[in-house]
Amino acid sequence: MSTDRQAARAANITVEPYLRLPIANTPAWLAGNQLAFLDNQTGVPQLWQTDLRGGPPAALTSFEDRISALLSTPDGRRLVFGMDSGGDERDQLWTLTPGEAATPLTTDRAVMNRLGACSLDGRALAYASNARGEIPFDVWTMDLNDPASARMILATDETLRPIAWSPDGQSLLVHRSRTMLDNDLYLVPAAGGEPDPLTPHTGEAAITAAEFAPDGGAIYLLTNQDREFTALARLDLVTRRLDVLLSPEWDVEALAVSPDGRWLAYAVNEAGVSAVTLRETASGDERAVSALPVGVVSGLTWSPASDLLAFALGGPRHPSSIWVSGLDALARQVTSVDLDGLDRDSFVVPEAVTYPTFDDRRIPAFWYRPA
């Protein structure tokens with residue numbers, strides 16, 4: 001393209017079309033190798049569904065308000081989501097079975113609710129709520145078929161959030177946040193009772209993700225306890241021994257354990273770019289997921305059959321969309337983004353650079369150079 005044509009095209013570019021580009025994220029598996037996800041192509045994030053066998057995605061909801069959180073029951077037959085009202089950030093919880101209308105699980109608009117996890121049998125939901133007061137978030141559970149069954153099972157003066165049910169449904173893994181940089185894990189009886197601290201430590205330690213091993217005997221977690229970068233570790237629930245499985249010179253930023261327990265999926269943020277890896281739990285053998293563009297990954301989630309991994313990926317030339325990898329570690333994009341006439345070549349891919357600090361360390365950064 002000539003310099004004059006480039007200049008003419010640049011003179012006509014405005015920022016608005018780039019701001020309008022839709023994004024898809026937060027994948028959740030449905031039965032029959034179908035995926036639900038959040039997509040804001042209508043102006044506010046709503047639930048959509050795509051069939052991995054082919055065909056265009058279909059909208060599952062058409063609310064005026066934004067949906068901000070999503071999960072599915074382990075059998076993939078039901079969705080649970082959070083939606084606020086008029087942007088007030090006070091999410092109420094809803095449930096939806098594809099093909100049926102969504103129904104509310106919570107309705108008090110003065111209360112903020114945060115999604116937690118569904119039990120393995122798909123019958124119970126654990127979530128966090130500030131119904132007791134504006135600041136503390138307590139742990140609640142409910143029978144998904146009976147919202148009136150909701151009950152608080154753990155209350156403190158800190159921010160709590162249930163993140164997983166034990167495989168036998170008798171306990172909850174609860175994340176306690178003292179500060180943004182200092183967290184703990186509790187094991188809490190699902191029927192209520194005293195919490196069992198799992199991660200005592202001195203100083204600050206952040207825990208960014210944790211999941212039960214399918215046999216219930218251990219927990220896989222991401223933590224920076226006693227180290228600078230976030231590592232992948234395994235905590236034995238009998239001996240309480242914490243074994244670090246992977247500790248790169250970058251943060252491990254996402255984790256998912258396959259339902260059959262054979263695989264871990266994790267993402268490492270390497271200078272601002274995600275690298276996804278599949279790891280066999282028995283042997284420790286690893287497969288790097290290939291065919292990914294430069295970008296950042298979120299929402300790692302395994303299919304109920306443990307044979308497919310879904311995640312969202314967004315990058316400088318690829319607005320966030322949904323991707324899937326099989327056990328062959330070959331990724332493919334399963335949702336597309338309408339660029340609305342924009343030239344993908346006009347999206348600048350940054351250069352990874354570093355710059356020095358006062359104490360002779362190096363800080364990684366992205367350098368965007370216009371065409």
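Residue numbers start at 1 and run along the sequence shown.
The shortest distance between side-chain heavy atoms of Met142 and Tyr127 falls below 4.5 Å. Using a 4.5 Å heavy-atom threshold, the side chains of Leu79 and Leu71 count as separate. Taking 4.5 Å as the limit, some side-chain heavy atom of Leu264 sits within range of a side-chain heavy atom of Leu232. In this structure, the side chains of Leu52 and Leu308 come closer than 4.5 Å at one or more pairs of heavy atoms. The side-chain heavy atoms of Asp121 and Trp165, taken from C-beta on, include no pair separated by under 4.5 Å. Leu144 places a side-chain heavy atom less than 4.5 Å from the side chain of Thr73. In this structure the side chain of Glu249 never reaches within 4.5 angstrom of the side chain of Glu228, judged on heavy atoms. Side-chain contact between Pro316 and Pro350 is present, with heavy atoms from C-beta onward closer than 4.5 Å.
With a 6.0 Å radius and a threshold of 12 heavy atoms from other residues, nucleotides or ligands, Arg240 has its CZ atom above the threshold. Few gaps surround CG on Asp215; more than 12 heavy atoms of other groups in view lie less than 6.0 Å from it. The environment of Glu16 atom CD is dense: over 12 non-hydrogen atoms of other residues, nucleotides or ligands sit within 6.0 angstrom. Counting non-hydrogen atoms of neighbouring residues, nucleotides and ligands closer than 6.0 angstrom, the CZ atom of Arg241 reaches no more than 12 such neighbours. Counting heavy-atom neighbours within 6.0 Å of Ile363 CD1, excluding the residue itself, gives a total above 12. More than 12 heavy atoms of other residues, nucleotides or ligands shown are found within 6.0 angstrom of CZ on Arg279.
In terms of heavy-atom proximity, Pro104 sits nearest to Thr107 at CB-CG2, 4.1 Å. Nearest heavy atom pair, residue Thr230 against residue Asp251, reads N-OD1, 2.7 Å. Ser290 approaches Leu330 most closely through the heavy-atom pair OG-CD1, 3.5 Å. Closest of all the heavy-atom pairs between Ser320 and Val337 is O-CG2, 4.1 Å. Scanning both residues, Ser306 and Trp263, for their nearest heavy atoms gives O-CD1, 4.5 Å. Heavy atoms only, all atoms of each residue included: Val244 and Ala231 are closest at CG1-CB, 4.0 Å.
Taking CZ of Arg53 as the start and CG of Asp51 as the end, the distance is 4.0 Å to the nearest 0.5 Å. One distance of note links OG1 of Thr208 with CG of Leu221; it measures 8.5 Å at 0.5 Å rounding. For the atom pair Leu185 CG and Leu235 CG, the distance stands at 8.0 Å (nearest 0.5 Å). Summarising the geometry, atom CG belonging to Leu115 is positioned 13.5 Å from atom CD1 belonging to Ile163; distances are rounded to the nearest 0.5 Å. For the atom pair Gln170 CD and Ser119 OG, the distance stands at 10.5 Å (nearest 0.5 Å).
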Exercise. Does the side-chain contact (heavy atoms from CB on, under 4.5 Å) test come out yes or no for Leu47 and Gln49, once each step is laid out?
Worked result: CA-CA 7 Å; Leu47 299 187; Gln49 177 180 349; over 6 Å; no
Exercise. Checking side chain to side chain donor-acceptor pair (under 3.5 Å) for the pair Asn33/Ser303: CA distance, chi angles, key distance, verdict?
Worked result: CA-CA 7 Å; Asn33 276 356; Ser303 64; 5.0 Å; no
Problem set entry | Leu30 vs Leu35, side-chain contact (heavy atoms from CB on, under 4.5 Å): CA-CA, chis, key distance, verdict | CA-CA 5 Å; Leu30 293 170; Leu35 274 171; over 6 Å; no
For this session: Test Asn113 against Asn130 for side-chain contact (heavy atoms from CB on, under 4.5 Å), laying out the working first.
Result: CA-CA 7 Å; Asn113 302 287; Asn130 71 344; over 6 Å; no
For this session: Show your reasoning for whether side-chain contact (heavy atoms from CB on, under 4.5 Å) applies to Glu89 and Arg66.
Result: CA-CA 9 Å; Glu89 298 185 356; Arg66 64 178 181 178; 3.2 Å; yes
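Looking at Arg78, its side chain never comes within 3.5 Å of a backbone N or O of Arg123 through a donor-acceptor pair. Formation of a donor-acceptor pair under 3.5 Å by the Arg362 side chain with backbone atoms of Thr354 is found in this model. Distance alone, capped at 3.5 Å, is enough to place a donor-acceptor pair between the Trp302 side chain and the Ala256 backbone. Listed for the Glu280 side chain is no donor-acceptor partner under 3.5 Å among the backbone atoms of Ala282. A side-chain donor-acceptor contact under 3.5 Å links Asn40 to the backbone of Ile23. Ser166 places a side-chain N or O within 3.5 Å of a backbone atom of Ser171 that can act as its donor or acceptor partner. At least one donor-acceptor pair under 3.5 Å links the side chain of Asn224 to the backbone N or O of Ala206. Gln92 places a side-chain N or O within 3.5 Å of a backbone atom of Asp108 that can act as its donor or acceptor partner. A distance-only check finds no donor-acceptor pair linking the side chain of Glu158 to the backbone of Ser177 [under 3.5 Å]. Side-chain N or O atoms of Gln46 include one that pairs as donor or acceptor with a backbone N or O of Asp65 at under 3.5 Å.
A side-chain donor-acceptor contact under 3.5 Å links Ser321 and Trp323. Side-chain contact, Thr156 with Tyr186: no donor N or O sits under 3.5 Å from an acceptor N or O. Side-chain atoms of Thr141 and Arg151 include no donor-acceptor pair closer than 3.5 Å. One side chain, Ser274 or Glu253, offers a donor N or O that lies under 3.5 Å from an acceptor on the other. Donor-acceptor pairing under 3.5 Å is lacking for the side chains of Asp226 and His201.
Placement of Val257 and Val268 within a single hydrophobic cluster is found when ILVMFWY residues are connected by side-chain heavy-atom separations under 4.5 Å, directly or transitively. In this structure, Phe81 is not a member of the same hydrophobic cluster as Leu93, with clusters built from ILVMFWY side-chain heavy atoms closer than 4.5 Å. Put simply, Tyr368 and Val294 are part of the same group of oily side chains (I, L, V, M, F, W, Y) that touch within less than 4.5 Å, one to the next. Under the 4.5 Å side-chain contact rule for hydrophobic residues, Val289 and Leu327 share a cluster. Grouping the Ile, Leu, Val, Met, Phe, Trp and Tyr side chains by contacts below 4.5 angstrom, directly or via other members, places Phe37 with Trp29.
Here the options are Thr159, Asn183, Asp182, Asp184, the test is side-chain hydrogen bond (donor to acceptor under 3.5 Å, both in side chains), and the partner is Arg176; only Asp184 passes. The residue from Leu300, Val324, Thr301 that alone fulfils the side chain to side chain contact (heavy atoms under 4.5 Å, CB included) condition with Leu309 is Leu300.
Under a 4.0 Å N-O distance rule, the pair Arg109/Asp88 does not qualify as a salt bridge. In summary, Arg132 and Asp138 engage in a salt bridge, as defined by a charged side-chain N under 4.0 Å from a carboxylate O. Salt bridge absent: Arg90 and Asp84 never bring a charged side-chain N and a carboxylate O closer than 4.0 Å.
In this structure, Arg114 satisfies the cation-pi test against Phe137, with its NZ or CZ atom closer than 6.0 Å to the six-membered ring centre and inside 45 degrees of the ring normal.
The distance between the ring centers of Phe63 and Trp94 falls below 6.0 angstrom. Between Tyr220 and Phe212, a ring centre-to-centre spacing not shorter than 6.0 Å is recorded.
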